[in-house]
There are 4 protein chains.
Amino acid sequence: MKDLKLAGGKSPKSMIEIGEATIGGKEIILIGGPCAVESSIQMRKAAASVKRSGGKILRGGVFKPRTSPYSFQGLGLEGVNYLAEAAREEGLLCVTEVIDAKSLDLVVDRVDLLQIGARNMQNFELLKLAGKVNKPVILKRGLSATIEEWLLAAEYIMAAGNPQVILCERGIRTFEPSTRNTLDLSAVGVAKELSHLPVIVDPSHAAGRRDLISSLSKAAVAAGADGLLIEMHPNPEEALSDGPQSLTPEQMMTVAQELEQVAQSVGRIFVRGKTEETLEALRSEIDQIDHTIVKRLSDRMEIAKKIGNKKRLDRVKDTARERDILQRLVPLAEELQLSPEFVKRIYSCVFEFSVQSQIKSKLMEENELESYCPIGGK
Amino acid sequence: MKDLKLAGGKSPKSMIEIGEATIGGKEIILIGGPCAVESSIQMRKAAASVKRSGGKILRGGVFKPRTSPYSFQGLGLEGVNYLAEAAREEGLLCVTEVIDAKSLDLVVDRVDLLQIGARNMQNFELLKLAGKVNKPVILKRGLSATIEEWLLAAEYIMAAGNPQVILCERGIRTFEPSTRNTLDLSAVGVAKELSHLPVIVDPSHAAGRRDLISSLSKAAVAAGADGLLIEMHPNPEEALSDGPQSLTPEQMMTVAQELEQVAQSVGRIFVRGKTEETLEALRSEIDQIDHTIVKRLSDRMEIAKKIGNKKRLDRVKDTARERDILQRLVPLAEELQLSPEFVKRIYSCVFEFSVQSQIKSKLMEENELESYCPIGGK
Amino acid sequence: MKDLKLAGGKSPKSMIEIGEATIGGKEIILIGGPCAVESSIQMRKAAASVKRSGGKILRGGVFKPRTSPYSFQGLGLEGVNYLAEAAREEGLLCVTEVIDAKSLDLVVDRVDLLQIGARNMQNFELLKLAGKVNKPVILKRGLSATIEEWLLAAEYIMAAGNPQVILCERGIRTFEPSTRNTLDLSAVGVAKELSHLPVIVDPSHAAGRRDLISSLSKAAVAAGADGLLIEMHPNPEEALSDGPQSLTPEQMMTVAQELEQVAQSVGRIFVRGKTEETLEALRSEIDQIDHTIVKRLSDRMEIAKKIGNKKRLDRVKDTARERDILQRLVPLAEELQLSPEFVKRIYSCVFEFSVQSQIKSKLMEENELESYCPIGGK
Amino acid sequence: MKDLKLAGGKSPKSMIEIGEATIGGKEIILIGGPCAVESSIQMRKAAASVKRSGGKILRGGVFKPRTSPYSFQGLGLEGVNYLAEAAREEGLLCVTEVIDAKSLDLVVDRVDLLQIGARNMQNFELLKLAGKVNKPVILKRGLSATIEEWLLAAEYIMAAGNPQVILCERGIRTFEPSTRNTLDLSAVGVAKELSHLPVIVDPSHAAGRRDLISSLSKAAVAAGADGLLIEMHPNPEEALSDGPQSLTPEQMMTVAQELEQVAQSVGRIFVRGKTEETLEALRSEIDQIDHTIVKRLSDRMEIAKKIGNKKRLDRVKDTARERDILQRLVPLAEELQLSPEFVKRIYSCVFEFSVQSQIKSKLMEENELESYCPIGGK
């Protein structure tokens, strides 16, 4: 793929910074909002929900490329104003789709990112225009575009002067009828192998049904996606488009909470939306943390015993190793704004019980060995 | 889908127990091994690797349905013996593919599970035969089978008398050339919505390239899969088939380690393979655990401060709450074979520093407030 | 495609002779009949219709590979007897699908050709068995098989000893929902480029709706197919399977009549079914022929005029050329059992009017020229 | 499909008249030319070839939507002038692709038809603009567009005010790698069932290889297409794009000749390109016609005998029927500018020999019957 002069090359990974958000870094970026902007009140509710769920960017379409000419085509400029205002009120960034020169001109100064939709992925004139602006562009993969074609579409934008391209996998057309499209999560890995650009995933357009969004969002993050673009609507039943695939605010919140764990499990961060910080909620969080701490202390003790088994009884206590450990943990504690004294106290206790436990374990083992060797005397 | 008389219905979920493994329960089942059984030594090496990686089941094909009649067609009976012996030596279960009545007869008493491959998913006579045996059957989705057709194929096996069917998504045919097939992870959620049968995922045949296996395996587990079927080979460069998509033992181990975290993040369990227990390796594990413990202690302290902020200064110390916490943690410690005394000691330290930290924080806050209120007196 | 040792190579084209039929020769072979054999009377009606339409081979499934285990699975041996008897009564050959060793054994001596269905295209054990019999095999392309895989499946049969393979394109799986499958007529040309085997087309399974059969059948013949496999049923509304795509006997007859013309237009022959030979029908045929004859006489006269324009007036009459023409037509007449005297009489008339017409045309032309040359005298 | 307010409805069929060409009528319209306009001389050669082959419309792209930004993007306005001039010189119409508002403005007054390419089929803003002009628009089907979406795209153009839409099937994306796309000829029938708009076929982009163009062109016409869009290049080896799928002028001519027969066989007309009218070529044409005439006379005689067999010997000569035939043929002759006298002479000869032949046949039959009736005396 010699023509990927700018989009090609696996590293260094591009990180696209917009306000406080960085797409392509360690953090998973959540983009949420309705398919179409319908009213000011709808967008304000959506923005509040997105914010609460930990989203950084509010989405909403105002120029809708609809299959039928008789479907709702979007609110245009009026809609952009609703979108931008709702985002600003909640301290969110915002993104909307552009479909031609005119729509691009109209919104470029009012939003933080532009989106180019799947149906326009090879609208090369539009790509060139998007290459002339100084705003990040989310480039959706076409319904039947190969990954190579998708990257070459990104190359069009970059070759025209705009390096801030974010790739978005959103499902491809296959024979399978139970989902609107087939989400191709291999594309995340392949695109990241061929290109340094960030890759996000839109599970909503892929599935076309809200019951799969949670499962696919987690899968996308686990597959290495840098972000998610999820459709949500304050009231999906009344949505003017894509209602069946939009989450309610509550569902959005649940998905966000699940994502936090998955992100962490693959070495990423997702700062989940804050649940309301009632005393009850905070205590429940502490209880979960305590559970983890005890669990990990138990894991530690198990391994310590194994180490003990490899040592002579008089070598179980290993002061050098203990010092070593503290030399790593104290700076970590400081970095985390935790009292070093506290960590030292905790670990002196850990070391003490660890040694005790190892000795106990070794003595039991010897007894056992003895009982298995009836012939040999002491 | 009225014809899913036996396979249909979302719950209760089927759990298929084979020896000590349960497919469809909380645990993620890892199945690993080479595409084709080639020799006794190859299978023994593969079995050791699978075991070490936390796998429960060894796979290996002995009747190979190959696209060309001139490709290696498998070792047949000789191969089954290699497979079964290698599995037994490591305490693993084993599975192989059957392709007709003859091959089924030959292997049914030698392996623990049968596999029906993608190309035979609608070989209805074979499905009926598989319905007559008392062994679990892994049923791979056909290359262009809809999810409904796949479930109806399962129904064939069940209607013939065998309820132990495990569905396996392995990629479908699409236009995308960068992967051998397109892994359809939506299929996991859809199949689980329509059926109570366990669903596992084979990322190896889907991707056809080993660099995507890690990413897709994690995604599969996050999407809700009950297990993974991964191709590995002691020496992929010399594999008689599917070398490019087979992991080395080392890569298999790495994937397994990653899976543990992801499984946990979605409320599942994967008991990862043990790394070799050198002193060094064990200490490295301890270091990782210590890192987590300190991190979680820091998280805990942050939340404690927020709670503190909601209380009057003289109410920061809350003995009842402390007792409450210990009443939950002590039984947990016992369950985990951890000394209750140890946990109490640790937590008395945690409580002490937590109160200190809250008080300090409150005082600082008051000072700050003061400094912002120059007009107010003392 | 080095593995196409037997199936590969564009020429010489294989011609498969069965009774009086030759598949792969100049004649287009029509195979017709119901999806499933249902009764003796149904098959007799079907056979009569196929015969009348110019079909050479009667089809009918008795072992039906159905998507659901609860659908009609075929009459088995009883059905084969109905099929074979109905075919024999009408002097037709017959073909049925085999699905495993048992079904193959049961029918191999009762039918003239075997069919291997799309779902079994890569049931390699079945292919090997089909390679051991001395009957031609129609090998349908799998729903998502590439042309290369299809040819390699043929190679399996040939490598096992049976060179009589007939390829059958029957539509592939795509995203398009308005037809059951997408008929890939490029496959005819590609397969014929890579292989010497005959290629037939099954428009019925491709379209899944009878209104497209006529259009697709003509297209298949025009694309170079060697035959057609068309589903028909004496009473489609009552068919136990595939009713919506089955033609009625009347529709079958209409399609057959259309095919005759198309076959001829691409240098092939299809001896269309006989309409019932009422006086009326015969006269209608004569009327059509007369129309063509007059039309061609007119074309001939046009060209003759052009030739005339190239000659001097006194050379218009060209006795040598006339003799030449007759020397070719008289033997042709004899071959066609037409009286040579008749042809000579007709052509003496043709020559006479042709000369007259040319002279008239030349004179008119000169007059016209004159009128354009005002300066020249009379 | 309630939204097909203007494009829907099977009949009456739309006929789009442009100059002397009518698309959607009885005549098959051939559109030919290179993928990209490269030079004035190239276009003049192409135009001559298209004209000679019977084409009515010259095509050539000047704004090329290329997958890579570094591929040749077209000559723009300079190219349109080459295209339009070359077409005018040969008396052809011309068409070029438009890709946005600017390109449309630039070419709309210089060409006779506009084309909207597959990648822009759902560029709805472009569709709306094309709906505002008074030129016919060729609308290519998107690479993964369903037929319904294609018709709705046409509806966009029509709803904006332009009823002159010509649908063009050009292959869809599937898994099959041996052709660039898979030509979906079922789409011709389906589109004509749902809509009254003309449908043409582009075999060149579908196949992506020139060896299949002949086969697919014939198939398209047989399937009911109203026209063909074929890529040709005076020198494909030097083409700046799509060389491998472009025909040479000679190949274009051959395809055109083949089409004439196929068109006729399905009741359509294609006035094939004139071969050079040497005496030799003209005579060869006459020879072919003579062959057909004699063949049809023989067919006629066969049927006449069958009719004879149904009549009493004294009724063989049927003056009323003969008069009847001539009453139909004489006006036909006049319409075809054939001398009625000539037709009468020919048919008096036909009638005479027909009666003779019938009588002879009946006498032979009686003799035969006699010889089978040994009991009856002479």
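Sequence lines set the chain letters: A, B, ... in the order given, protein chains first and strands last, and positions in each chain run from 1. Scope of the values below: all heavy atoms of this structure, side chains included, with no hydrogens, waters or symmetry mates.
- For R321(C) and D287(D), the salt-bridge test passes: some basic side-chain N is under 4.0 Å from an acidic carboxylate O.
- Among V188(D), D290(D), I346(D), I172(D), the residue making the largest number of heavy-atom pairs under 4.5 Å with chain C is D290(D).
- A pairwise comparison of heavy atoms in S298(C) and L338(D) identifies CA-CD1, 3.6 Å as the closest pair.
- Of the inter-residue distances, the one linking E302(C) atom CD with L282(D) atom CG reads 11.5 Å to the nearest 0.5 angstrom.
- Looking only at side-chain heavy atoms (C-beta outward), F342(D) and V294(C) stay at 4.5 Å or farther from each other.
- Applying the salt bridge (charged side-chain N to carboxylate O under 4.0 Å, His left out) rule to D299(D) yields the partners K295(D), R296(D); only residues at least two apart in sequence or on another chain are considered.
- Looking at D211(C), only its side chain comes within 4.5 Å of chain D, counting heavy atoms on both sides.
- Ionic pairing of R283(C) and D318(D) is present here: one or more N-O contacts between side-chain nitrogen and carboxylate oxygen are shorter than 4.0 angstrom.
- Under the side chain to side chain donor-acceptor pair (under 3.5 Å) criterion, the residue pairs touching residues 212-227 of chain D are K192(D)-D226(D), S214(D)-E258(D), D226(D)-R268(D), with sequence neighbours excluded.
- For the set V343(D), D324(D), L329(D), the count of heavy-atom pairs under 4.5 angstrom toward chain C peaks at L329(D).
- Side-chain contact between T174(C) and R173(D): absent, with no pair of heavy atoms (C-beta onward) separated by less than 4.5 Å.
- Residues of residues 349-358 of chain C that come within less than 4.5 angstrom of chain D, heavy atom to heavy atom, are C349(C), V350(C), E352(C), F353(C) in numerical order.
- Residue-environment remark: NZ (K360(C)) stays at or below the threshold of 12 foreign heavy atoms within 6.0 Å.
- Across every non-hydrogen atom of A222(D) and A222(C), the tightest pair is CB-CB, 3.6 Å.
- Note on K311(D), E341(D), E335(D), R300(D): by heavy-atom pairs under 4.5 Å with chain C, the leading option is R300(D).
- The parts of L336(C) that come within reach of chain D are both its backbone and its side chain, each placing non-hydrogen atoms under 4.5 angstrom from that chain.
- Although no hydrogens or angles enter the test, the distance criterion places no donor-acceptor pair under 3.5 Å between the side chain of Q261(D) and the main chain of Q264(C).
- Among L216(D), V221(D), T292(D), the residue making the largest number of heavy-atom pairs under 4.5 Å with chain C is L216(D).
- If you measure heavy-atom distances from S339(C) to chain D, the contacts under 4.5 Å come from the side chain alone.
- The contact between I325(C) and chain D is made entirely by side chain atoms (from C-beta outward), counting heavy-atom distances below 4.5 Å.
- Looking at L297(D), both its backbone and its side chain come within 4.5 Å of chain C, counting heavy atoms on both sides.
- The line from CD1 of I303(D) to CD1 of I289(C) is 3.5 Å long, rounded to the nearest 0.5 Å.
- Under a 4.0 Å N-O distance rule, the pair R209(C)/E193(D) does not qualify as a salt bridge.
- In terms of non-hydrogen atom pairs under 4.5 Å with chain C, the most contact-rich of G171(D), A223(D), A220(D) is A223(D).
- Put simply, of A333(C), A263(C), S186(C), the one with the most heavy-atom pairs under 4.5 Å next to chain D is S186(C).
- L185(D) touches chain C through backbone and side chain together, each having a heavy atom under 4.5 Å away.
- Contacts from residues 177-184 of chain C to chain D, taken as heavy-atom pairs separated by less than 4.5 Å, involve P177(C), S178(C), T179(C), T182(C), L183(C), D184(C) in sequence order.
- Closest approach of T146(C) and F175(D) over heavy atoms only: N-CE1, 3.9 Å.
- Heavy atoms closer than 4.5 Å to chain C are found in the backbone of A145(D), but not in its side chain.
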Inset, instruction - Check the pair V190(D) / E176(C) against side-chain contact (heavy atoms from CB on, under 4.5 Å), numbers first and verdict last. - result: CA-CA 11 Å; V190(D) 174; E176(C) 172 58 46; 5.6 Å; no

